[in-house]
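A quick write-up on the structure given underneath.
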Amino acid sequence: MTCAACQHHVEEALRSTEGVESARVDLMAHRASVVFDPTRAQPEKLVEAIRGAGYDAVLPRADASGLDDRHGSAETMGSAWIKAWTMLIAGAVAMLLAMPLGSEMGAIDHALMRALPWLYALPPGVLRWTLLIMTAILMVWAGGSIFSNAVRGLRHHTTNMNTLVALGTSVAFLYSAYCTVRPAGNRQVYFDAVLLILGFLLLGKALEGRAKRRALAALDSLSRLRPMNARRIVDGIETVVPLDEIRPDDHVLILPGERFPVDATIIEGRTSVDESMLTGESTPLAREPGGRVLAGSLNYDGAVLCRAESLGEATMLAQITRMVEQAQSSRAPMERLADRASSIFVPVVLGLALLTFIVWMAVTRSLSLALANTVAVLVIACPCAMGLAVPAALTVAVGRGAQLGVLFKGGEALERLAHLDAIVLDKTGTLTIGRPVLKSVHATSNFAESDLLRWAAAAEERSNHPLAHAVVDYARERGLTWPPAADVQIVPGRGLTATIDGHECLLGNQALLAEMFIALPSGVSPPPDGVTRLWIAMDGAVAGYFDARDALRADAAAAVAMLRHLPSEHAGGRDQGLRVVMLTGDSPAAAEPIARQAGISEVEAGLDPAGKLARIRALQKSGLRVAMVGDGINDAGALAQADAGIAMGTGADLAQEAGDVLLLRTQPSAIPAALDLARATLRVMRQNLAWAAVYNLLGIPLAAGLLYPAFHILLSPWIAAAAMAFSSVSVLTNSLRLRRWQPASLLQPKAG
């Protein structure tokens, strides 16, 4: 594929195949994502459909080498550069040789005659035939693929950029060849234009290929993080084996300076780990026995023995790579305009070229001048820049986000994130560390506190709720053991019920007690500020409670201040910052101190999942575009309802989060970073589309000669080719600026 028209033709070929529900083609990565019914269409049938449209395709392989597969090996790229520069040099030589063939002698001709008298002494016939032979050989050698692709497209009744270039250069070459074979007067020949057009086209494609590889470099760097081999330990004997031979529960040794080959748990040794390529967290993290390590992370300073857990495609590295690849291949809503334009662009240009030829012939009666302007129109109107405008920016932004620990699920999610008026934050695990510490146990009945703690630990042992971890950790620190719990039932946002030692046990907040019609004991003082209270009831009566305290994350207040100073996109409120709201299931006593510390004035506490969902809907009904930031199952409904869902979290369950954006770093500062990167990307997309549109709106009329003779030099076909190549490269270069985007560029809070 060479342009947006190619992308459109391949998509149409796939969509028209029986059994295909949807197809999306990525011009940047040269990949197609197809949703199809395997009972009606096999993958091989999809490949046949693409080949039937005049293109080629292969099914993806597990051992594919990433960028080399999509944009050619180093040898292929080297050949492209050689062909490009050879054609440009040959074009310059052809321009020199064609100087004596001009119909008029200008100042340049007189100067050249004095410098190279032998050139003007050569017979015109010799010069013409030399140019003809040289151009024909180089056209076949360097431009053969362009002409064969154009012919293949015509055979399948499709047109693309190759059609325009092949038609323009063929017309110029055939006319020049006719003038050579049947000379009459001083007819102008365009061999130099043919060589320079192809040279600039090839140079543009070489630059474009290099820019694409740089744009996709983040994905390539992720794919190269996983080692090929691993040190497996069996009965104390170390053996280096291919990574594919490692199985779950195998013991693997990782030495200092090596990358972890699998997701694993450390069983011996201590070290520090660099997970920056996966989570964006640049600070080395300490790991000791029981600690979890991720495939692709770097082991700094200690040899550790690990037990393999997630392997291959199940590792966090593979999940991140897959999500980044899917996001880069996605289609942003802004791209739809370019898609509609590209589907009719080439036929329209062919019509304009024909009109240009007719008008110039009618006005000037000069076949040479009419051909020159027609070729210029065909060459300058390349739809490459239009096709690359949005996907180039999206690809670079998704890759840059992945390097910073921000995973956008696609172009649509990124655009939604750039148009927000309010942001809703969960408390536990988002603004706070999410690992509350149990401070005290209180019995309100005849049960001993140790028994209450044992039963609570038994019920909470298999729960992932932060309070559950606090209870279990507290019980273990005191050396308690507990019986297994039966019939454990989770009540989302409220607590759980279980059967332990024959007792009906209930653990949860005050709302759950009210639902079960369990009265609170009298004389119990309310929880202190910042404390979350967990009640325990045995056999239908309150038996005691546990008080836990969570801590605000270190960067939470700064992140909220940044969010408040990011401009709102809401009509009439562009000078205001984002509206920041905190929603939590905790009690007001636990929520309000955290909100004050974070700088949030709008707080709603005691909400269950349905309450959070209702609050998001209420904000949307008021005309606001809302983002929800959460970290747990309780937030899934609100994340899905929000205009943009941002999931905080780490661990292997990351891919199952409901958000549009996934933050690998559990730091609130990643939230404004994600928003600011999305807005920067949207600006680049708009700049690219504006450039592509203005380029064609100005370039085609200039090439057609509407401003003749004031801009007569712009009518030259080879200058049109240079401008065409520049348009695509400029769009990619502008997009590559996002590779250098830094979170430090965030808008800082203003004084006062």
Side-chain angles (χ1 to χ4, degrees), residues 1 3-64 66 69-70 156 158 216 219 222-223 312-314 318-340 342-343 387-388 390-392 394-395 397-399 402 407-417 636 639-641 643-645 647 653-662:
M1 300 185 298
C3 65
C6 298
Q7 179 186 27
H8 174 75
H9 295 323
V10 175
E11 284 185 345
E12 287 301 309
L14 287 169
R15 289 170 183 160
S16 61
T17 303
E18 183 182 2
V20 172
E21 296 180 14
S22 64
R24 186 178 65 244
V25 174
D26 182 5
L27 182 62
M28 283 287 295
H30 287 204
R31 282 178 175 259
S33 301
V34 187
V35 178
F36 63 96
D37 181 353
T39 63
R40 299 168 60 200
Q42 296 298 318
E44 292 77 11
K45 188 177 179 181
L46 305 178
V47 173
E48 291 176 6
I50 295 172
R51 289 174 178 166
Y55 300 87
D56 199 6
V58 294
L59 297 176
R61 306 189 312 273
D63 61 343
D69 286 348
R70 284 172 277 175
H156 293 88
T158 61
L216 293 162
L219 180 60
L222 283 174
S223 66
E313 294 302 308
Q319 292 181 40
I320 293 173
T321 303
R322 189 161 54 248
M323 283 187 287
V324 171
E325 191 171 53
Q326 290 171 351
Q328 289 182 334
S329 301
S330 66
R331 192 67 58 83
M334 194 179 293
E335 199 172 349
R336 293 168 187 161
L337 176 63
D339 288 346
R340 288 194 293 268
S342 64
S343 63
L388 293 171
V390 175
L394 176 63
T395 297
V398 169
L407 297 187
F408 299 102
K409 283 192 174 180
E412 188 173 352
L414 189 144
E415 281 201 33
R416 287 202 303 267
L417 201 68
L639 287 169
Q641 174 65 37
D643 296 280
D653 292 334
L654 177 64
Q656 281 72 47
E657 294 283 0
D660 300 305
V661 182
L662 307 176

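Values below: every heavy atom of this structure, side chains too, minus hydrogens, waters and symmetry copies. Nothing here was measured: the structure is a model prediction, and the numbers come from that model.
- In this view, E21 and V35 satisfy the side-chain contact (heavy atoms from CB on, under 4.5 Å) rule, not counting sequence neighbours.
- In terms of heavy atoms, A13 sits closest to A53 at CB-CB, 3.7 Å.
- Going from atom CG of L59 over to atom CD of E44 covers 5.5 Å, rounded to the nearest 0.5 Å.
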Q.
Quick one, E18 with K45, criterion side chain to side chain contact (heavy atoms under 4.5 Å, CB included). Give me CA distance, side-chain angles, the key distance, then yes/no.
A. CA-CA 9 Å; E18 183 182 2; K45 188 177 179 181; 3.9 Å; yes
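- To the nearest 0.5 Å, atom CD of residue E11 and atom CD1 of residue I50 are 10.5 Å apart.
- In this structure, the side-chain contact (heavy atoms from CB on, under 4.5 Å) partners of D56, at least two apart in sequence or on a different chain, are R51.
- Taken to the nearest 0.5 Å, the CD atom of Q42 stands 12.5 Å off from the OG1 atom of T17.
- A 4.5 Å side-chain heavy-atom check between P43 and F36 finds at least one atom pair inside the cut-off.
- You'll find the side chain of L14 stays beyond 4.5 Å of the side chain of R24, heavy atoms only.
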Q. Could you go step by step and tell me if V47 and V58 meet the side chain to side chain contact (heavy atoms under 4.5 Å, CB included) rule?
A. CA-CA 7 Å; V47 173; V58 294; over 6 Å; no
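- Taking CD of E412 as the reference point, atom CZ of R416 lies at 5.0 Å (rounded to 0.5 Å).
- Between V25 and M1, the closest side-chain pair of non-hydrogen atoms falls below 4.5 Å.
- A heavy-atom distance below 4.5 Å is not found between the side chains of L407 and V661.
- To the nearest 0.5 Å, atom CZ of residue F408 and atom CG of residue L417 are 6.0 Å apart.
- How far CD of Q7 is from NE2 of H30: 9.5 Å, rounded to the nearest 0.5 Å.
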